[in-house]
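Okay, so here's the structure we're looking at.
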Amino acid sequence: MAIAAGNNKPNSDANLFRLCPFWSSSGNAQNQTEGNAQKTSKTVSSVARSLLLPPRRRLRLDPSNHLYFPYEPGKQVRSAVRLKNTSKSRVAFKFQTTAPKSCYMRPPGGILAPGESVIATVFKFVEQPENNEKLSDQKNKVKFKIMSLKVKEGVDYVPELFDEQKDLVTVERVLGVVFLDPERPSPALEKLKRQLAEADAAVEARKKPPAETGPRVAAEGLVIDEWKERREKYLARQQVQAVDSV
């Protein structure tokens with residue numbers, strides 16, 4: 001929200017002070033009536049909230065500020081981040097990166113129900129170091145942006161949602177890249193391994209066909225047993241008829 005200044009600066013300043021009585025002197029504030037002060041205070045509070053307070057976040061990220069990658073030059077490596085919907089509404093999320101040619105995400109977006117979480121896997125190709133550059137000297141400018149959007153029940157995820165309702169989109173986090181030495185154990189590396197294993201297990205679980213339930217198997221068993229019983233009776237009658245005909 002922008003406040004355009006008029007040609008007459010003193011009048012503009014006066015209007016601004018009338019909007020914000022707590023900036024004026026105590027003598028001027030006493031001259032205002034209590035009713036006007038309350039109305040102005042409410043107006044200023046709403047403006048302050050919209051201008052000064054950050055947007056309320058819908059997702060909780062773990063890790064919250066960085067994506068950790070094992071440093072293996074010349075290879076494609078993976079990172080992981082858990083996204084949890086902490087709001088009371090269904091929330092769509094979407095990834096963006098400054099290096100789409102060397103990075104991609106799985107899943108690149110989706111919809112989470114209230115309280116639902118997912119571990120997203122991020123793939124990145126690590127360039128070879130230049131001039132014997134060490135791991136500690138690596139400066140990676142690649143960034144990953146995670147956005148969220150409140151959606152209604154029954155809405156399916158499509159990336160175009162974020163373009164159609166861009167005024168309602170919240171930027172949850174902009175994550176930087178941190179490289180880890182794969183040969184040196186660390187809490188961050190161990191956590192990354194656990195998250196990647198959990199993400200892989202979730203992908204495999206989605207590939208498996210749904211397990212057959214007990215009642216369905218029982219019903220199929222009853223049908224098979226009944227068919228076998230009928231066949232045995234039929235064969236028995238055929239044998240009796242064959243004996244009688246002799």
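Scope of the values below: all heavy atoms of this structure, side chains included, with no hydrogens, waters or symmetry mates. As the structure is a prediction and not an experimental result, all values here were calculated from the model.
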Which atom of [X] lies closest to which atom of [Y], heavy atoms considered:
X    : Y    : answer
L112 : S117 : CD2-C, 4.3 Å
I111 : F93  : N-CE2, 4.2 Å
F69  : K124 : CE2-CB, 3.5 Å
L168 : R58  : O-NH2, 3.7 Å
F95  : P107 : CD1-O, 3.9 Å
L149 : L161 : CD2-O, 3.7 Å

- Message: For the backbone of V122 and the side chain of S79, can you confirm whether one donor and one acceptor N or O come within less than 3.5 Å of each other?
- Response: no

- Under 3.5 Å, is there a donor-acceptor pair linking the side chains of T121 and R78? no

- Task: Could you verify whether a donor N or O on one side chain and an acceptor N or O on the other, from R57 and T170, lie under 3.5 Å apart?
- Result: no

- Message: Holding to salt bridge (charged side-chain N to carboxylate O under 4.0 Å, His left out), I want the full list of residues that pass it with E72, two or more places apart in sequence or in another chain.
- Response: K75

- Task: Could you list the residues that satisfy ring pair (Phe, Tyr, Trp, His ring centres under 6.0 Å) with F123, not counting sequence neighbours?
- Result: Y104

- Query: Considering residues at least two apart in sequence or located in another chain, which fulfil the side chain to side chain donor-acceptor pair (under 3.5 Å) criterion with S87?
  - Reply: N85

- Query: Only one of R173, K191, R194 forms a salt bridge (Lys or Arg N to Asp or Glu O under 4.0 Å) with D62, so which one is it?
  - Reply: K191

